Every structure is written in C-alpha cells, then in structure tokens.
Amino acid sequence: DPKKQGKGNGKVKYGYVCGYPLSIFFIVVNEFCERFSYYGMRAVLVLYFKYFLQWDEDLATSIYHTFVALCYLTPILGAIVADSWLGKFKTIIYLSIVYTIGQVAMAVSAVHDITDSNRDGTPDNMTFHVVLSMVGLFLIALGTGGIKPCVAAFGGDQFSEHQDKQRRTFFSVFYLCINGGSLLSTIITPILRGQECGIYSQQKCYSLAFGVPAALMVVALVVFIVGSGMYYKAEPEGNIMLDVCKCIGFAIKNRYRHRSKQYPKRQHWMDWAEEKYDKLLIAQIKMVLKVLFLYIPLPMFWTLFDQKGSRWTLQATTMNGYFGQLVIQPDQMQTFNPILILTLVPIMDSVIYPLIKKCGFNFTPLKRMTVGMFLAAMAFVCAALVQVEIDVSRKRYVLCLCTNDYHCLTFLNTFSVFQASDKYFTFETEQIIVSVGSPEMTQIIFLEKKSRQTLLIPSVIMDLGLIDFLAIFSFLMIRNKFSLSSGSQSCEYIKDFGFGSSYTFFIPSTFVFGPNCQDSITVVEDIEPNSVHMALQIPQYFFITAGEVMFSVTGLEFSYSQAPSNMKAVLQAGWLFTVAVGNFIVLIVAEIAKLPNKWAEYVLFASLLVLVCIIFSIMAYFYTYIDPSEIEVQFRKKVDDDEDDKDKQQKAEIEMVRRDSAESYDDNYKQSKM
C-alpha cells in the first residue's frame, strides 16, 4: 500500500513473520491480557459488593448492572474520539492508562487492613472503600469501553490491501483471545478470591482477585507501548456517526421549518436533508434506520443475559458446590458460558443450521434471533424452578436474616447437650433487656450492628451475670481446620463445612490438651449446609448460551448484511447501545417490582422477554431483506444517468446557442455585403 509505505509504517521497517506484520502480535497479546483483566474483575464483582462492602443483594445487583451499562455506552465516545481527534493509537494508549488506574484502585479498595484499626478483620471506615471502588469502576468503564471499538480496527489497519486472508485469520485469532481471556479469568479469579490474606487478620482475598487483573492490565499496556514503533498509525479522518447524526438532525430541523401544509410532502422524512447533504448518504442512512428500528425490542434480551453475572451468581451462593473432590466457587459457574459458546458455535454452523435447511425450513436470521430470545426466556424459567427448590430446602428451619441496619440474636439453651434455637431474632435498637427465671432477673445487653450474637443461658441460673455472650460476625469465613494453642501445647480440630452452613463451637473451661482433645469440644450446627446442588444451574446456562449464539452472533451478521459498507460503525454503536439499555432495564424492573420472592422475579423477566419476543416476531414478519451494495450501485447508476442527461441537455443547449450564433452571423454577413 503506497499510502502506508509513505508514512514509514513499522511493517516495512521490521518485516513479516509467517506472512503477518510483526506489529499484530503485540496487539493480540494486548487484547488477551485486557480481556482477562476485565472479565476477571467482573466475575467476582457482585460478591465483593455483598460480602466485602456488605451491601444487600438488590443494591449489589443495581450497581453491577450500572457498571456494565457504562461499559457499553463509552465505546461510542471512544470511537468518536479516535476517528475525529486523537486517532486509534493515542486513544488506546491514553484510555488504557485510565483503565489501569481504575483496576489498581479496585485492588486497593479491597485491602481491608487499610482501615481496620482494631484488627478484627472488618474495615472500620467503609466509606473509604466504597468511594475508592466506585471511582475505580468508573475509570474501568471509561477505559474498557473507550478502547473496545479501537483495538480490533487498529489491528486491521496493519494489513495491506492484498492481505485479505491474513486479515481474516487475524480477526479469528483476535476473537479467540477474547473468549480465551474470559474463560481463564472466570476460572482463576474466583480461586484467588477464595484464598485468605491480610496483614493483621486473614480474610477472603478480594484484593488478590482484583490485583491480578490489574497486573494483567499493566502487562497489556506495556506490551502495546513496546510495539509502538512498528505500528501503522492512520490519521483521524472523521467519524461517520457524527455525519449521520448531523444529517438526521438537519432533516428533522428542516422538516419542522416546513411543517406548513403549503409545502409539498416528501416520500421519506430523511428527504428533507437533500438541501444540504448528498443523496447517496441520505439513502444509506435510510437503510440503517430500517435496521435500527428492529433494534427497539432487543434490549430485553440483554436484560436477562447479563444477570448471569449478578442474580445467578448470588443464587449459586445458596447452593452446594461440591462436585466430588472438586469444589466449584459460586462465581466460577459463569465459566460454563464461554465453554458452551466455543462448543455451540461450530455445532450450530456445521450441524443445526444445515440440517434445518435440508428439512426445507427457511430459517432466516430474524427467525433465529426470535428463537434465541425464547431460549433466554426458558433459561429464566429454569432459574425460577431452581430457586423454588432452594426456598423449599431452606424452609426446614426459620431464619430472620440481618441487614446492615439491624441487630440479630440467637438464643441457645444449655442443657446436657447444646441445642441451637431454630429462630433468629432481629432488633432495631442497639440495646435490649433480657428477663430470665423466677424470681425474674433482668440484664441490659448491648448488640453490635451487622453481626449475629449468641446468648448462652444455663439451665440453672444463679446470677444473670453468668450468662455468656458470644459475638459471631455474619461475614466471617471459617476454615475447616483450626488449632487451639496455649504455650507449647496445641490441639488441632478438623471438620468439613458445607456451603452456607453456620456452626458454634463450645470449648469448656475444663478443656485439656491431649490426643483426644477434640472430643471435649461441642459443636452446634446453627444453619444446615446448602442441599441444592450447583449442577442444577447448568440447564439455565445452556439455554442462555444457546440463546446468545442464535441471537447475538446472528444479530450482528444480519445487521452487517443489511447496512452499507461505510455504516458498519453506526450499527455497531446501535448494537452496543441496546446492551447498555438492557442493563438499565434491570435496575428499573427490580426497583418497581419489589417482589418478595426471587423465583417470582425470574418468572417476571421471562414473561417480559416472551412478550417482547412476540412483538419482535411481528416486526420481523413485515421486514423486507435488501442488498445494500446492489441498491448503492443502482443509486450511483441513477445519479450517473441523471448527470449524463444533464450533460446531454447542456450540450444540446450549447449546440443551439452555436446554431443561433451561426445563423445570426450569416444574416449579419449578408446585410454587410448588401
């Protein structure tokens, strides 16, 4: 490409490796590390909100989906900045720096020792952690969204015109890196979160779970900068989205100015832009608007799809994650999505779709998208059935769960064998008065917020002051192996804890170290382990992923086939916007509905998607497929014909003028001769 060679691009200076520009290897590594960073952080985010920041599930879900929505709004901004101002290279560099700062801020916000002045494992200044994490998430949303439309296009710029085959292979490897980074990160970061770390007290290691993605983002930035001398850096040439918006804005404004009946109507409202803009551009925008109209119902699909990282992960925390010797963390269940994508995409393309075609059924792209929406609705029906099973299993005991603003208390009666009360009492006041025995003895007890206390009442009460009072923090995670020590003596106690279980250990004052020291420790099971297995979530992940393959992959393919070549960016922006709107719908529905049962909320979302699916199928029925390239060719031919007609008319007028001039000359000559 002479244009690129004249710029002194890196591929001329450094050559090729296996027929590929050397610069693209840096871009591929950068994309893998960045995707690992993003999906790794996002995998543990909702659990960080619930267990570290101690938010309730509704608030954790709302903030999670607000963050995801921002991640899909900022690509539009990034594309405009890259194409109109900075160029792709500088946009990637600057926003990657912002991205890295955000990831580091998230890792620091998860270090509980920073504000844990009394060293009890709980941050004393939660405001600091909340503010720092929110700043970090905003910077991450700005960074990851801003570079999203730039990296793939920047990689495509590195190839010459004759390297179509290499360019296609690059994009295949590029998107493989996206799925590979997503898969590995959703496996690794939950494992890191499950570790225990801390300077003064050992807690679940969210700082490590965020720290590793931050380190990968630093690697991504460094690798991209190292290859800077090898890149071809195209100058910004303007953004088509701005031109489209200006043209639409002018058409609306011009139509409003000529709203009077004295002005003749035009065939399409976009025709009111003909006074200022090229007719070909107007025709192309008409084709895009036709596709964008079909996008209106699409956000509802993303409303359900993105809840796999919020509601479904929280659902998994109430389930049993033991798969034989393998223990699956609740946030690791998300790995089924990328695994199933890599499995289902080739099966759909090479088996399912050809089989349907052989059966004589015209399975058009819009019909595939409709089926994909229906499958997503079925996934939420499965989630509702699983939630019903969870609720039934947990009704074997009565729980009054604490919130951040309430106090909880459990009463235990101390007879020959300790027996746990089947009720948890909640109190809004900080102090309570306990009255026991006859004659009645009373005592004021002070409760601690955000924790659960256990009150031990002996069977024979001589003095109320002898009542033991234990504080058990609801967010404290206990090892299944711990040691009691006194000087050089120690006693090791081992017990298998089930997911979601809670125990109280009573160590008597007569405790003696020795080989059978465990026998003198009494264990009370306050809350039974989760009995519903996480494997029951696999069907809902299968349906949602099958729906994604039929809806998302087909939707992008359909959109690109129905739009002019220079309008792909506009449709990409519109597609990403539907994802953002879908995440905002989660907030609206969750706040308005306020359903007491989670299964009812799942059924509500499934019902809404089925309704939208019916509307979309009607819209699809009346849609007429077009060939944009053929329309553009016909339009250009028509314009050329019009220009030819104008040229002929102008030539005819010139010929007439010449003829008139000649006749006038002859008359004048005759007159002068006479």
Side-chain angles (χ1 to χ4, degrees), residues 38-39 42-43 45-46 58 60-77 137 140-141 144-145 148-149 182 291-315 334 337 341 366 368-381 383-384 540-541 543-556 558-559 570-593 595 601-617 619-620:
Y38 172 73
Y39 284 110
R42 181 172 153 177
L45 187 59
V46 73
D58 289 334
T61 300
S62 298
I63 300 300
Y64 174 87
H65 286 285
T66 302
F67 166 71
V68 175
L70 287 176
C71 289
Y72 284 96
L73 281 177
T74 49
I76 301 173
L77 176 64
L137 288 176
I140 291 170
T144 188
K148 189 187 292 288
S182 169
V291 178
L292 290 178
F293 177 72
L294 284 176
Y295 281 7
I296 295 175
L298 303 190
M300 201 64 214
F301 173 86
W302 301 112
T303 299
L304 276 68
F305 178 79
D306 280 328
Q307 288 190 63
K308 71 183 190 302
S310 57
R311 290 297 196 197
W312 287 11
T313 300
L314 293 172
Q315 184 186 63
Q334 299 175 57
N337 179 248
I341 284 178
L366 291 179
R368 295 181 198 176
M369 294 174 67
T370 305
V371 173
M373 296 169 79
F374 181 76
L375 290 175
M378 292 301 98
F380 265 63
V381 172
Q540 65 200 55
Y541 273 99
F543 279 116
I544 201 75
T545 306
E548 179 189 7
V549 171
M550 300 189 76
F551 177 87
S552 182
V553 176
T554 306
L556 284 172
F558 162 77
S559 302
V570 179
L571 286 179
Q572 180 72 13
W575 186 265
L576 295 175
F577 186 72
T578 65
V579 181
V581 173
N583 279 272
F584 282 126
I585 292 175
V586 179
L587 313 182
I588 297 170
V589 174
E591 288 298 321
I592 293 177
L595 298 175
E601 187 175 284
Y602 291 140
V603 172
L604 173 63
F605 279 115
S607 303
L608 289 174
L609 185 56
V610 169
L611 177 62
V612 169
C613 183
I614 295 172
I615 295 172
F616 181 76
S617 64
M619 295 170 64

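Keep in mind the model is a prediction, meaning the values are calculated, not measured.
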Pair Tyr39, Gln334 - check side-chain contact (heavy atoms from CB on, under 4.5 Å), show working. CA-CA 10 Å; Tyr39 284 110; Gln334 299 175 57; over 6 Å; no

Tell me, do Phe605 and Met300 make a side-chain contact under 4.5 Å, heavy atoms counted? yes

Side chain to side chain donor-acceptor pair (under 3.5 Å) with Thr303: which residues, sequence neighbours excluded? none

Side chain to side chain donor-acceptor pair (under 3.5 Å) partners for Tyr72, two or more places apart: none

Quick check against the 3.5 Å criterion: does Thr554 have a side-chain atom that pairs as donor or acceptor with the backbone of Phe551? no

Where is the tightest heavy-atom contact between Lys148 and Cys71, given as atom of each residue plus distance? CE-O, 4.1 Å

Residues Tyr64 and Arg42: side-chain donor-acceptor under 3.5 angstrom: yes

Centroid separation Trp302 to Phe584 less than 6.0 Å: no

Under a 4.5 Å cut-off applied to non-hydrogen side-chain atoms, are Thr66 and Asn583 in contact? no

Can you tell whether the side chains of Asp306 and Arg311 come within less than 4.0 Å, N to carboxylate O? no

Please examine the side chains of Gln540 and Phe380, heavy atoms only from C-beta on, and report whether any two atoms are closer than 4.5 Å. no

Can you find a pair of side-chain heavy atoms, one from Leu375 and one from Met550, that are under 4.5 Å apart? yes

For residues Thr74 and Ala141, report the shortest heavy-atom separation together with the two atoms involved. OG1-O, 2.8 Å

Can you check side-chain contact (heavy atoms from CB on, under 4.5 Å) on Asn337 and Phe305, steps first, answer last? CA-CA 11 Å; Asn337 179 248; Phe305 178 79; 4.1 Å; yes

Could you report the tightest heavy-atom contact between Ser310 and Val46, atom names first, then the distance? CA-CG2, 4.1 Å

If only side-chain N and O atoms count, and only distance matters, is there a donor-acceptor pair under 3.5 Å linking Tyr38 with Ser182? no

Which heavy atom of Ala376 sits nearest a heavy atom of Ile544, and at what distance? CB-CD1, 3.8 Å

All N/O donor-acceptor pairs, side-chain side in residues 607-617, below 3.5 Å, sequence neighbours left out:
residue	atom	partner	partner atom	Å
Ser607	OG	Val603	O	2.8
Ser617	OG	Cys613	O	3.4
Ser617	OG	Ile614	O	2.6

Taking the side chain as everything from C-beta on, heavy atoms only, tell me whether Phe301 gets closer than 4.5 Å to Met369. no

Taking the side chain as C-beta and beyond, is there a heavy-atom pair between Leu571 and Leu292 under 4.5 Å? yes

